[in-house]
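Heavy atoms only: backbone and side chains are in, while hydrogens, waters and symmetry mates are out. All chains are named by letter (A, B, ...) in the order of the sequence lines, taking the proteins before the strands, and each is independently numbered beginning at 1. Because the structure is predicted, anything quoted here is derived from the model rather than measured.
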Amino acid sequence: MKITLPDGSVREYPKGTTGFQIAQSISEGLARNVLAAKVGNEVWDATRPINQDTSIQLLTWNDTEGKATFWHSSAHLLAEALEALYPGVKFGIGPSIESGFYYDVDFGDREFGAEELEKIEQKMLELARQKNEYSRREISKKDALQYFEEKGDEYKIELLQDLEDGNITFYEQGAFTDLCRGPHIPHTGFIKSVKLLNVAGAYWRGNEKNKQLTRIYGITFPKQKELTEYLEMLEEAKKRDHRKLGKELELFTFSEKVGMGLPLWLPKGTMLRERLEQFLRKAQAKAGYDPVVTPHIGHKNLYITSGHYEKYGADSFQPIKTPNEGEEFFLKPMNCPHHCEIYKAKPRSYKELPVRLAEFGTVYRYEQSGELHGLTRVRGFTQDDAHIFCRPDQVKEEFIKVIDLVLHVFNALGFDDYTAQISLRDPENKQKYIGGDEAWERAETAIIEAASEKGLRTVTELGEAAFYGPKLDFMVKDALGRKWQLGTIQVDYQLPNRFELEYTGSDNQKHRPVMIHRAPFGSLERFVAVLIEHCAGNFPLWLSPEQIAVLPISEKYADYANQVYQQLQQQDIRGFVDNRDEKIGRKIRDAEVRKVPYMLIVGEKEQEEGKVSVRKHGEGDQGSLSVTDFAADFKQKVEEMMG
RNA sequence: GCCGAGAUAGCUCAGGGGUAGAGCGCGUCCUUGGUAAGGACGAGGUCAUGGGUUCAAUUCCCAUUCUUGGCUCCA
């Protein structure tokens, strides 16, 4: 049979050759590391015989699918250890996740505590050292049911009910057998380090009416070193937690009295936010956006027209009623309906399109109480929203312009690793969405084409679209390699219909514009949270709430320090003078802890020469400069950063 | 919303049936200093809120609120 390798070369192998054997024929090193094989479009066990012409890609730890296989096999290893330690436990599901894996377990009446995890880790490592093979076998539904009935595992029986006979496989390693589609790594010996991270409750099949199982999360690696690095990364993430830094750097706070999920921005956080706004306002002005302002509430009819009332009315904050007329108003959950009405404020000609209306609009959404989290999930937040109303023939071009704007933002803020997620509708479940097939297809095509023309790295997700249209979301990777969803661009053919938006074409006929929703930051709150964690609170100079600290050596130089500060302040450089009765070492330490980018130390020498001694955060003494030179350098740096 | 954990000084946290402690911060004084913590003294708490058990509750029990780890959800 003919096997096509990823480099396009074709090799001849006898029927029944396995991925592992193919790896061996290429190199011993590859064979040692191969975890699974992508055969055609399916991931297979490396040990599964291949019987026909196909393409193959050998998967190792460096491939996402290789890792997923590794972790999925680790979940089985966890189950094997659990079964050995706690005979009679029952198993739900045990998949791999983005980082690691989990297994849902029913311990029956036994109490399970987190302190038992270490014991399980040891057992897993012991079993891993046995290098037990993961062996696959096909089984009839009847035999499979019989197996789990004898074992008394009702969860697996329930899973089996939904499976088709003839398509059922078991995997076995050591003493443990599981219902599993696979694939798996060749043997447990690949798993060299194990960490069980935490235990949480999870309902069987995610339904709160079902029994709650114990979910054990874990992660494994083929090398001990990688586990150590991973645990260090988790520690670092804890240190960078925006909730912790937000408090320490006095950026924002929450108040029980104000209400959960409603952030209060402190002066320094507000400074940061306003800088971000200012930056985007400027970029948008250049890109032809018109700023608008709309109120925080809107009449119920507005949302009946938009379709949001029908979709979210019952699940959102309840309406505010006028005392006399009993009219109902909703806190605005998005800005688009208001913007549609601005579009409608006058008749539009094709000549003035695209109309781009931008607003930093604060919106309110009822989020379930259990879902609130710092600034990343709140009930009131400000979107850097804009709506572009354009002709159908302008969609792609406008879309491309928005992509450029988003990339400009990412670039200025140091997010250089991103992918674009294209979210299309679920073709199996069309009734979830409003609007006709044709409009959807046109919108989806425009997005796909724009993304490919900009050369974006993309992934496509079916069923992730908004209910009114497909979208493109930007996922950035932060300094710790964690993924965050930030900017979003959405094409919408539905709202213009619902609001009966029109423009007069060159043919003197009425036409319907297309709407593009877009928000490069997404929400200021979420963006600031991600930014804090990305830069660990060490903001880019142009954003830093306190850019400089003027530190007099002693009280004698307080006047000079104030004078220096005023001189810099007049040139839009922000900061403070530390006139406390403390030694210079102390003032430096405090400014370092506050993450102030530049410390300007002034004493006798500096006063005499009209200079400042410059110390950079995290780097130390930079020598001295005249105040004017420092200001000029500083401003030049800021300008470079803002592009 | 559901399950688990938590709430003690401005912050981080210890404690425990007999009305409370540390470090940091804050204030006053001494000190006037050269690149990551000078010293002394002092002020600060209805121990989240409401009930219950008890001679006595901050401590034990229940409820509520908020925070937190998950689950579900996310225009």
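- Out of B:G33, B:U65, B:C71, the shortest distance to the side chain of A:Y217 is found at B:C71.
- The side chain of A:R243 places an N or O atom within less than 4.0 Å of a non-bridging phosphate oxygen (OP1 or OP2) of B:G69.
- The shortest distance between the side-chain N/O atoms of A:K247 and the OP1/OP2 oxygens of B:U12 is below 4.0 Å.
- Residue A:D581 has its side chain nearest to B:C30 when only B:C74, B:C71, B:C30 are considered.
- Using N1 to N3 plus N6-O4 or O6-N4 for Watson-Crick, or N1-O2 and O6-N3 for G-U wobble, each under 3.5 Å, B:C71 pairs with B:G1.
- Of the listed nucleotides (B:A75, B:G33, B:U35), B:U35 has the atom at the smallest distance from the side chain of A:I588.
- Between A:Q368 atom CD and B:C71 atom P the separation is 13 Å, expressed in whole Å.
- If you measure from atom CG of A:D590 to atom P of B:A37, you get 10 Å, rounded to the nearest angstrom.
- Nucleotides of RNA chain B nearest to A:M334 and A:M260 differ in position, and the one nearer the 5' end is that of A:M260.
- When distances are taken from the side chain of A:E256 to each of B:U32, B:U65, B:G38, the shortest belongs to B:U65.
- Considering only side-chain atoms of A:E592, the nucleotide from B:A36, B:G34, B:U32 that sits closest is B:A36.
- We find that the ring of A:Y468 and the base of B:A75 do not stack by the test of centres under 5.5 angstrom and planes tilted less than 30°.
- Separation of the A:F527 and A:F521 ring centroids falls under the 6.0 Å cut-off.
- Of the side-chain N and O atoms in A:K257, none sit less than 4.0 angstrom from OP1 or OP2 of B:C66.
- Relative to the six-membered ring of A:F576, A:R594 meets both conditions, a distance below 6.0 Å and an angle of at most 45° to the axis.
- To the nearest whole angstrom, the two P atoms, one in B:C41 and one in B:G33, are 25 Å apart.
- Between the C1' atom of B:U68 and the CG atom of A:L375 lies a distance of 16 Å, rounded to the nearest Å.
- Rounded to a whole Å, the CD1 atom of A:I93 is 12 Å from the C1' atom of B:C71.
- Listed nucleotides: B:C26, B:G38, B:G34. Nearest to the side chain of A:R580: B:C26.
- Counting heavy atoms from C-beta on, the side chains of A:L551 and A:I584 come closer than 4.5 Å.
- Nearest to the side chain of A:E606, among B:G34, B:G1, B:G69, sits B:G34.
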